[in-house]
Q: 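Before anything else, here's the structure in question.
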Amino acid sequence: MQVEEARKGRATPEMEAVARDEGLPLKFVLRGVARGRIVILSNPKRKSRVFKGIGEGLRVKINANVGSSPDYVRVREEVRKARIAEEYGADTVMDLSIGGDLNRIRRRIIDATRIPIGTVPIYQAGIEAAKKRGSIVDMDSDDIFNTIRRHAEDGVDFVTVHCGVTRGVVEELRGVKRLLGVVSRGGAFLAAWIIKTGRENPLYEEFDYLLEIAREYDLTLSLGDGMRPGAIGDASDILQFRELFELGKLVKRAREKAVQVMVEGPGHLPLDQVEWNVKIEKTVCDGAPFYVLGPIVTDIAPGYDHIVGAIGGAVAALAGADFLCYVTPSEHLCLPSPDDVREGVIAARIAAHVADLAKGVDRKRDIEMGEARGNLNWNKQFELALYPKRARELRRKRPPSIDLRTCSMCSKLCAIKFLAEFLRGET
Ligand code: SF4
């Protein structure tokens, strides 16, 4: 148990790995874990893996969602997407599969990757209940908790659990006018279940049992935002914050039981609301790691939402968000392809770096890139690039023909070369 060990002042191999990876003193990581400001995704059931720390003072991390849908059940493609995500720099992958043999897909993805894996077990609980009893809302609390346990047993490192979708929040939903009611799949399952049964959300009512399972596997809980705004017109409304305040209380309870916990956040937000949304989460949830979904900062760029998400993600991360869920060009349109996954990861990776850079982390590489550009040292530029292959490809596609030291943008009128020659007195 990471938290228990940290509170006893004992470093685990996972904490040591995170400290090494981040280039930070072990004490810093240990203290962050003890306080719940840092989580380390590390289910001991997972055999081959890389440990990732998420939270205060660490580099911003990014997640890539993969997973089948009822329309597209291609196990090999989902595995491929997970591998592409890892190759292009995702820190974690979430398997959000809802079509086909869910156990098989999850296990294949776990086996095919080394980075931490997250899931949303309520999907499988609902889908299996529908198969057995006719409807998603026929699931019971055993379905939910047994599925969580099954995922943890397979080695899943973190799970999204929509504990804040309480009966009170759902009651409020009836009275609030939203453009897009509930866009969270898990949130919708649970809200419908509450409306049908009139009972309290089992993930909330039996939160202590959930904590027991999490303790058993050192499973990190990612408290889902079932009421996240799904449109700019719904941003920062009462439902979003009503749920967040519930999550703040649950963070405290999880910490009392030494369970690692992070909090998920919006969703769709105009850029001017991003910073204070992050600050509110950090305040209400006592600095718990904040995992933002995008955020999506405009609704009118379908096809380019990976760019939209990267803009929102960079601003959120600069304000203190710790973990960015990528967005792909397919968002709001269709199930992402492997190419979309690659584009989404690249955009989120850049957003995370941009925020880290502004916070003073990893500046050396950017400085060196400036030097390499000043020296027209192309090989060094490729070496320093986040994605060298793409940079090389573009240069090769339209090479300079007059002066090979320049590029074909300005060619013999290259500003860098031109002034440098004057400064050196060569002209
Ligand atoms: S040719 Fe123009 S764009 Fe290319 S390196 Fe020189 S100044 Fe930069």
Side-chain angles (χ1 to χ4, degrees), residues 23 59-62 64 84-91 271 274 294-298 300-319 324 326-331 336-427:
R59 281 196 198 90
V60 176
K61 304 299 183 305
I62 64 163
I84 287 172
E86 182 168 5
E87 182 190 338
Y88 280 82
D91 296 290
L271 203 57
V274 171
I296 296 284
V297 291
T298 174
I300 61 165
Y304 297 94
D305 274 331
H306 58 311
I307 297 172
V308 173
I311 294 169
V315 173
L318 183 58
L324 309 178
Y326 86 159
V327 178
T328 75
S330 297
E331 185 78 11
S337 67
D339 283 347
D340 294 332
V341 167
R342 191 189 58 239
E343 293 304 302
V345 169
I346 290 171
R349 183 76 268 151
I350 294 169
H353 172 70
V354 163
D356 280 338
L357 180 69
K359 289 190 274 186
V361 182
D362 285 343
R363 283 208 173 177
K364 195 166 160 264
R365 191 163 162 186
D366 278 71
I367 303 292
E368 286 176 5
M369 180 61 103
E371 277 170 13
R373 285 202 173 126
N375 294 329
L376 294 170
N377 182 343
W378 297 97
N379 283 335
K380 187 73 184 167
Q381 289 178 53
F382 298 141
E383 199 184 292
L384 291 164
L386 278 177
Y387 297 102
K389 197 172 151 224
R390 170 86 173 143
R392 276 184 202 280
E393 267 169 20
L394 287 176
R395 182 161 164 83
R396 209 175 294 135
K397 213 161 123 190
R398 293 199 142 191
S401 56
I402 300 171
D403 185 340
L404 298 185
R405 285 173 301 166
T406 68
C407 78
S408 58
M409 175 79 181
C410 331
S411 186
K412 63 181 181 184
L413 299 178
C414 172
I416 296 169
K417 189 187 82 139
F418 184 68
L419 186 63
E421 284 170 357
F422 267 93
L423 288 172
R424 286 198 300 267
E426 289 171 14
T427 310

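Each ligand, and each atom within it, is numbered from 1 in the order the structure gives.
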Q: Between Glu383 and Lys380, does at least one N-O distance fall below 4.0 Å, as a salt bridge requires?
A: yes
Q: Using heavy atoms and a 4.0 Å limit, tell me yes or no: is Leu376 in contact with ligand 1?
A: yes
Q: Run down the list Met409, Arg373, Lys417 and name the one with the heavy atom closest to atom 3 (S) of ligand 1.
A: Met409
Q: So which protein heavy atom does atom 4 (Fe) of ligand 1 come closest to, and at what separation?
A: Cys407 SG, 2.3 Å
Q: Without swapping roles, check the side chain of Ser408 against the backbone of Arg398 for a donor-acceptor pair under 3.5 Å.
A: yes
Q: Can you pull out the closest protein heavy atom to atom 6 (Fe) of ligand 1? Residue, atom name and distance to 0.1 Å, please.
A: Cys414 SG, 2.4 Å
Q: Among all protein heavy atoms, pick the one closest to atom 2 (Fe) of ligand 1 and tell me residue, atom and distance.
A: Cys410 SG, 2.2 Å
Q: Is it true that a side-chain atom of Lys417 and a backbone atom of Ala415 form a donor plus acceptor pair closer than 3.5 Å?
A: no
Q: Given Asp91 and Arg349, is the salt bridge (charged side-chain N to carboxylate O under 4.0 Å, His left out) satisfied, shown in steps?
A: CA-CA 9 Å; Asp91 296 290; Arg349 183 76 268 151; 3.2 Å; yes
Q: Strictly below 4.0 Å, N to O, side chains only: are Asp366 and Arg363 in salt-bridge contact?
A: no
Q: Against heavy atoms of Ala415, which atoms of ligand 1 measure under 4.0 Å?
A: 7 (S)
Q: Can you tell me how far apart CD1 (Ile416) and OG1 (Thr406) are? Round to the nearest 0.5 Å.
A: 10.0 Å
Q: How far is atom 8 (Fe) of ligand 1 from the closest protein heavy atom, and which atom is that?
A: Ile416 CD1, 3.9 Å
